[in-house]
Amino acid sequence: MAKKNKTAITPTREQDYPGWYQEVVKASDMAENSPVRGCMVIKPWGYALWENIMHKMDGMFKETGVKNAYFPLFIPLSYLEKEAEHVEGFAKECAVVTHHKLEKDGEGGLKPAGKLSEPLIVRPTSETIIGESMARWTASYRDLPLVLNQWANVVRWEMRTRMFLRTSEFLWQEGHTAHATEQEAKERTMLMLDVYTKFVEEYLAIPVIRGRKTASERFPGADDTTCIEAMMQDKRALQVGTSHFLGQNFARGSDIKFQNEEGKEEYAWTTSWGTSTRMIGGMIMVHSDDDGLVLPPRVAPAHVVIFPIFKKGEDKRTVMESALGLKDALGEKQFHDRKIQVEIDDRDIGGARGWDWVKKGVPVRIELGPRDIAQNSVFMARRDEASNKKQSMNREEFIKKITDILDNIQDNLFNRAVNFRKENTFEIDDQKEFYKLYEKSRGCNNGAFVMAHWCGSQKCEEKIKKDLSVTIRCIPFDSPTEEGHCICCDNSSSRRVVFAKAY
RNA sequence: CGGGAUGUGGCUCAGUCUGGUAGAGCACAGCGUUCGGGACGCUGGGGCCGGAGGUUCGAAUCCUCUCAUCCCGACCA
């Protein structure tokens with residue numbers, strides 16, 4: 001039979017970007033929707049990816065002196081009230097636990113019973129409960145800094161959810177630190193943003209813009225929120241990670257005090273920083289194509305998949321032996337932090353087998369049949385190239401070059417993303433042009449990143465958001481000082497900021 | 001919380017208007033032929049039609065209530 005579709009994924013990105021995204025997640029076997037509204041089941045292929053992310057990031061954190069700990073899932077309601085802006089930001093999306101048991105309702109079902117004297121909320125983030133511990137642990141400047149992190153799940157009762165990008169429950173890491181000086185806390189905020197930048201660019205192959213959030217986009221309760229922002233293939237922005245300088249706001253709320261060297265009591269300076277499974281959503285939207293997921297080799301759950309090919313029964317043993325031998329030889333090789341990971345798929349399902357792994361995004365696919373074995377070669381396809389482009393390679397040469405090939409794929413994905421962003425980032429100074437660009441955007445085309453001048457007033461920011469659903473993603477650290485006029489009100493401005501539609 | 005829609009096998013849906021033995025495609029299992037770009041044939045397993053009540057000799061189909069989900073809006077680090 002002729003192939004039914006030109007692409008493995010329908011709809012394509014061009015036809016229906018959100019639909020494409022959902023299909024890629026499903027077709028790659030990473031995750032699926034669960035019976036619980038807004039929550040997802042992360043399947044082994046998706047979770048292995050998360051494990052790789054966790055493992056690498058955790059190591060990078062620890063190199064900077066971070067210690068892991070674990071704090072409760074439940075937070076007393078009164079804790080949330082300790083920081084005024086914090087309440088404001090999270091109250092609308094909290095799951096609340098009000099009872100501690102169930103009893104028979106007399107109609108064959110169960111009903112909640114045992115009302116709690118104080119309701120508990122399921123953590124939407126842990127500043128307040130960790131602050132409570134920090135307050136008890138901190139008596140002297142000698143107890144500082146506290147540099148903690150936890151890998152956990154959090155719940156934010158979202159109205160509208162999309163797998164990995166926004167779910168009611170999600171997995172993340174949240175770092176929380178307390179310092180004796182403002183300077184040190186600010187340095188930690190930037191240090192962690194550096195770690196995030198390095199991880200996201202080098203491992204997920206996603207180029208990011210580093211910058212500062214405007215007051216209205218700041219974390220509730222923070223003095224300063226820094227972030228890394230990336231462009232998706234529909235030209236919308238996704239915040240991939242954030243790091244907050246919390247000043248003394250939470251220290252006051254949670255009473256984190258210490259005696260300084262002069263014996264005087266002071267409030268500590270705190271930070272918090274986080275990345276979540278949302279990064280996976282970003283990785284999908286940056287690299288994947290109309291044939292499905294494309295995994296950057298440095299985080300891929302498997303680097304290579306081997307398809308043994310045999311027609312007759314007697315071929316099977318030789319081919320399988322050869323495939324296992326190849327797997328072992330590759331498995332000896334070191335690719336950065338890990339050994340090369342190889343899957344062998346010997347399912348007898350014809351051509352569908354190859355497409356399965358294209359959709360799963362494995363960087364390198366190898367077809368290995370009697371012909372290749374006779375010539376001591378392998379037939380290789382790369383996921384970053386057209387799916388029908390395959391090349392025969394000498395087997396030993398392939399083994400020797402596999403790490404180079406994987407590095408090359410990794411670089412290629414990153415460079416491609418950099419170029420895409422470059423092609424879709426514009427400096428605009430004319431308001432009409434700015435409006436025209438975003439007004440005509442729809443579907444896969446959500447405009448662009450626009451570097452434009454902004455006077456700094458919240459009014460202008462709000463007007464643009466209201467008119468165009470376009471927000472200031474960040475004030476980039478590296479944007480040079482230059483004279484210009486606000487894209488909205490024409491008042492003078494000294495630097496450009498990044499405008500985009502956001503996820 | 002407003003507006004609109006939909007609940008039938010694992011998935012996508014037909015059947016409902018006009019009540020009469022629960023269907024198709026895909027997926028799954030077995031056998032055979034295939035196999036280096038999404039194979040084909042035959043056979044087979046699987047559903048008290050979201051739930052409760054009502055009308056009727058008879059309800060997936062008509063009526064009432066209820067639950068759930070999806071879309072649009074509002075909301076959203």
Side-chain angles (χ1 to χ4, degrees), chain A residues 1-10 18-19 22-23 26-27 32-38 85-86 88-94 107-109 124-125 127 154 156-162 165-168 170 172 174 213-222 225-229 237-244 272-276 278 291-292 306-313 315-316 319 346-359 365-375 377-381 386-392 465 469 471-474 502-503:
Chain A
M1 272 301 261
K3 53 194 168 182
K4 292 174 208 152
N5 306 313
K6 271 176 125 173
T7 60
I9 301 291
T10 43
Q22 297 289 350
E23 265 313 302
K26 261 192 263 174
E32 60 187 25
N33 281 310
S34 79
V36 185
R37 188 202 142 86
E85 286 183 31
H86 201 58
E88 193 72 20
F90 288 110
K92 282 170 286 184
E93 47 184 24
C94 280
E107 289 162 22
T125 180
E127 274 75 8
V154 285
R156 296 176 189 180
W157 212 263
E158 301 287 356
M159 294 311 249
R160 205 94 170 254
T161 61
R162 298 177 76 184
L165 291 175
R166 177 174 285 122
T167 47
S168 292
F170 58 93
W172 77 343
E174 50 178 325
K213 286 293 188 189
T214 64
S216 65
E217 297 271 335
R218 233 178 247 155
F219 175 77
T225 287
T226 65
C227 62
I228 49 178
E229 297 279 335
L238 181 79
Q239 176 180 300
V240 196
T242 54
S243 185
H244 315 292
S272 70
W273 24 276
T275 54
S276 70
R278 192 178 220 208
D291 287 331
I306 302 172
F307 305 130
I309 287 155
F310 38 79
K311 291 180 187 168
K312 292 165 286 182
D315 286 341
K316 179 164 181 174
V319 174
D346 64 349
R347 288 176 301 162
D348 184 14
I349 55 170
R353 180 172 67 171
W355 285 106
D356 260 15
W357 290 92
V358 169
K359 288 184 281 193
R365 306 188 300 283
I366 294 294
E367 292 174 6
L368 187 66
R371 245 186 277 158
D372 306 293
I373 293 168
Q375 294 165 22
S377 67
V378 298
F379 211 51
M380 181 192 73
S387 59
N388 60 355
K389 184 177 167 190
K390 299 175 188 177
Q391 52 170 309
S392 187
K465 182 174 180 180
S469 306
T471 51
I472 299 175
R473 300 322 306 151
C474 69
Y503 273 97

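Just so it is clear: chains get the letters A, B, ... in the order the sequence lines come, proteins before strands, and each one is counted from 1. It should be emphasised that the depicted structure is a prediction, and the values quoted were computed from it without experimental measurement.
Taking the P atom of each, G7(B) and U12(B) are spaced 12 Å apart, rounded to whole Å. Taking atom C1' in both A24(B) and U64(B), one finds a spacing of 33 Å when rounded to whole Å. Between the C1' atoms of A14(B) and G30(B), the separation comes to 29 Å (whole Å). The separation of C26(B) from G38(B), taken at their C1' atoms, amounts to 14 Å, rounded to a whole angstrom. As rounded to the nearest Å, G19(B) and C75(B) have C1' atoms that lie 45 Å from one another.
Residue-level contact check: K213(A) touches neither bases nor backbone, having no heavy atom under 4.0 Å from any strand. Using a 4.0 Å heavy-atom distance criterion, K359(A) is classed as a base contact. When heavy atoms are screened at a 4.0 angstrom cut-off, R156(A) is found touching base atoms of the nucleic acid. P308(A) comes within contact range of no nucleotide atom at all, as no heavy-atom separation falls under 4.0 Å. Among the heavy atoms of the strands lying under 4.0 Å from D372(A) is at least one base atom, whether or not backbone atoms are also near. G369(A) comes within contact range of at least one nucleobase, with a heavy-atom separation under 4.0 Å. Across all strands, Q239(A) comes closer than 4.0 Å to no nucleic acid atom at all (heavy-atom distances). Among the heavy atoms of the strands, none lies under 4.0 Å from R353(A).
The separation between N33(A) atom CG and A68(B) atom P is 18 Å, rounded to whole Å. Distance CZ (R166(A)) to P (C75(B)): 13 Å, rounded to an integer number of Å. Rounded to whole Å, atom C1' of C76(B) lies 10 Å from atom CZ of R278(A). Atom P of nucleotide A39(B) and atom CD1 of I309(A) are separated by 13 Å, given to the nearest angstrom. Regarding Y503(A), its OH atom lies at a distance of 19 Å from the P atom of C76(B), rounded to whole Å.
In this structure, the nucleotide among C75(B), U34(B), A77(B) sitting nearest to the side chain of K92(A) is C75(B). Here the side chain of F379(A) is nearest to one of U34(B), G36(B), A77(B), namely G36(B).
Taking the nucleotide of RNA chain B with the nearest heavy atom to each of F90(A) and R371(A), the more 5' of the two is matched to R371(A). Comparing K390(A) and E93(A) by the nucleotide of RNA chain B that holds the closest heavy atom to each, the one mapping nearer the 5' end is K390(A).
Base pairing of C65(B) is made with G51(B), judged by Watson-Crick or G-U wobble geometry with both donor-acceptor distances under 3.5 Å.
Contacts of K26(A) classified as salt bridge (charged side-chain N to carboxylate O under 4.0 Å, His left out), with partners at least two apart in sequence or in another chain: E23(A).
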